[in-house]
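This one's a predicted model, so the numbers in the text were calculated from it and none came from an experiment. Along the sequence shown, residues are numbered consecutively beginning with 1. Order of listing sets the numbers, starting from 1, for every ligand and every atom in it.
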Amino acid sequence: MSKELNFKQELTACFGKPVAENPTQAMVEAAYRHHNLHWRYLTIEVDPADLGDAVRGARAMGFRGFNCTIPHKVAVIQHLDGLGESASLMGAVNCVVRRGDKLIGENTDGLGFVQSLRTLTDPKGKRVLMLGAGGAARAIGVELALAGASQITLVNRSAERGQTLAALLRDKAKIACELVVGTADAKIPEGTDVVINATSIGLYPDVNARLPLDTTGLKPGMVVADVIPNPPTTRLVREARDKGCKVIDGLGMLVNQGVIGIKHWSGIDPDPTVMRKALEDVFGV
Ligand code: NDP
């Protein structure tokens, strides 16, 4: 008795920091299994000094693509053959895709966020309050502008990063943007439709850290989103639910950026429920 065996596996990867159990790997490989793809997603620690060699290795070994996480999201660009529209506007890449013999950098973070936002509301014409001006905020701000949001009030602790992002949003992404700098509790402007935490406040292990936000302004029906994936139920998520807001947790963004990445690599539109379930298993929710 013999049966046909396939020893070849398509490879994709995450070049980033080592973690005990990589939730993204669990999520992506759950989708590969569900869709009968004989593929692997590897988590590979890459020292910044070795990034060029790692990308050349991925090229030589025929990887279909890879994700990049901190600290490689900007540095990887010099090793690629081109950028998609969002990655080019943001100046950061979190997903690399092989197209023919070229490696093209995409940014799926912001699009993943907007895709999860669309399950609750259309961003077009919406007024947004966003805390944070780092990489996640930049990705979300640019995609919200591309999706037709009307205005973003940006709140950030440091003036420098706040001003850089506000200028990018106004000048390149062409959206009205007001900047509030400091650590005082931010007031939610009248007429705000969507409130977003795009800071790292609340990320494990500082799960009880408080956001500089006056939450008395949260109203029933308002959409509140938190990018923090671990833990998925942050202080903000809990408080917003208690106040009757419509809530998106950080797993929504993580699942959707994974959905977009798998589609880029394989052409398959993966089932997000299988991917979310894999993440929930990792996080024990
Ligand atoms: P960055 O380090 O680039 O930015 C962090 C931001 O948080 C900055 O605006 C920083 O302000 C602010 N911040 C941090 N600590 C404080 C504090 N104590 N008080 C006030 N502001 C603070 O990180 P990223 O933007 O890359 O990531 C932010 C979060 O988004 C992370 O927790 C990450 O896990 C999450 N993320 C989630 C994704 C998902 O799929 N769910 C995808 C990508 C990121 P300042 O400029 O003053 O330093």
Side-chain angles (χ1 to χ4, degrees), residues 14 16-17 19 22-28 67-76 86-87 90-95 106-117 129-143 152-169 179-186 196-214 224-237 247-262 272 275-276 278-280 282-283 285:
C14 179
K17 290 186 205 161
V19 276
N22 184 334
T24 305
Q25 180 171 353
M27 173 181 82
V28 172
N67 286 126
C68 296
T69 185
I70 291 166
H72 302 314
K73 288 185 175 185
V74 176
V76 74
S86 304
M90 290 164 204
V93 164
N94 77 324
C95 179
E106 300 283 354
N107 198 308
T108 61
D109 278 337
L111 208 53
F113 176 86
V114 167
Q115 207 150 295
S116 61
L117 182 61
L129 173 78
M130 180 163 70
L131 293 105
R138 188 158 31 142
I140 292 169
V142 166
E143 290 298 345
I152 298 180
T153 302
L154 194 63
V155 180
N156 200 52
R157 176 179 61 181
S158 74
E160 198 186 335
R161 279 219 272 191
Q163 282 159 358
T164 304
L165 180 55
L168 171 80
L169 292 176
L179 174 65
V180 180
V181 168
T183 50
D185 280 3
I196 303 165
N197 173 35
T199 73
S200 41
I201 299 171
L203 187 66
Y204 180 87
D206 297 319
V207 297
N208 287 317
R210 201 182 150 275
L211 267 188
L213 177 70
D214 178 359
V224 176
D226 202 327
V227 300
I228 300 293
N230 182 21
T233 307
T234 58
R235 236 176 119 146
L236 176 67
V237 164
V247 176
I248 301 166
D249 66 22
L251 297 189
M253 178 175 176
L254 193 55
V255 166
N256 281 295
Q257 63 83 21
V259 164
I260 299 163
I262 292 173
M275 296 166 68
R276 179 156 182 126
L279 285 179
E280 287 176 351
V282 172
F283 291 118
V285 291

Those residues at least two apart in sequence (or on a different chain) that pass side chain to side chain donor-acceptor pair (under 3.5 Å) with D185 are R210
Here the pair of heavy atoms bringing G112 nearest to I260 is N-CD1, 3.6 Å
State, yes or no, whether a side-chain contact exists between V255 and S116 at a heavy-atom distance under 4.5 Å. no
Can you give me a line-by-line list of nitrogen or oxygen pairs between ligand 1 and the protein shorter than 3.5 Å?
unit_1: ligand 1; atom_1: 3 (O); unit_2: G135; atom_2: N; d: 3.1
unit_1: ligand 1; atom_1: 3 (O); unit_2: R161; atom_2: NH1; d: 3.2
unit_1: ligand 1; atom_1: 7 (O); unit_2: S200; atom_2: N; d: 3.3
unit_1: ligand 1; atom_1: 9 (O); unit_2: A133; atom_2: N; d: 2.8
unit_1: ligand 1; atom_1: 9 (O); unit_2: N156; atom_2: OD1; d: 2.7
unit_1: ligand 1; atom_1: 11 (O); unit_2: N156; atom_2: OD1; d: 3.4
unit_1: ligand 1; atom_1: 18 (N); unit_2: R157; atom_2: NH1; d: 3.4
unit_1: ligand 1; atom_1: 25 (O); unit_2: G135; atom_2: N; d: 3.0
unit_1: ligand 1; atom_1: 25 (O); unit_2: A136; atom_2: N; d: 2.8
unit_1: ligand 1; atom_1: 40 (O); unit_2: L254; atom_2: N; d: 3.3
unit_1: ligand 1; atom_1: 41 (N); unit_2: V227; atom_2: O; d: 2.9
unit_1: ligand 1; atom_1: 41 (N); unit_2: G250; atom_2: O; d: 2.9
unit_1: ligand 1; atom_1: 46 (O); unit_2: N156; atom_2: ND2; d: 2.9
unit_1: ligand 1; atom_1: 46 (O); unit_2: S158; atom_2: OG; d: 3.1
unit_1: ligand 1; atom_1: 46 (O); unit_2: R161; atom_2: NE; d: 3.0
unit_1: ligand 1; atom_1: 47 (O); unit_2: R157; atom_2: NE; d: 3.0
unit_1: ligand 1; atom_1: 47 (O); unit_2: S158; atom_2: N; d: 2.9
unit_1: ligand 1; atom_1: 47 (O); unit_2: S158; atom_2: OG; d: 3.3
unit_1: ligand 1; atom_1: 48 (O); unit_2: R157; atom_2: NH2; d: 2.9
unit_1: ligand 1; atom_1: 48 (O); unit_2: R161; atom_2: NH2; d: 3.3

Exercise answer: donor-acceptor pairs, residues 224-237 side-chain atoms, under 3.5 Å, sequence neighbours excluded:
unit_1: D226; atom_1: OD1; unit_2: N197; atom_2: ND2; d: 3.0
unit_1: D226; atom_1: OD1; unit_2: I228; atom_2: N; d: 3.1
unit_1: D226; atom_1: OD2; unit_2: T234; atom_2: OG1; d: 2.7
unit_1: T234; atom_1: OG1; unit_2: V237; atom_2: N; d: 3.1
unit_1: R235; atom_1: NH1; unit_2: N208; atom_2: O; d: 2.8

N94 meets the side chain to side chain donor-acceptor pair (under 3.5 Å) criterion, sequence neighbours left out, with T108, D109
For A198 and A136, the nearest pair of non-hydrogen atoms, with its separation, is O-CB, 4.3 Å
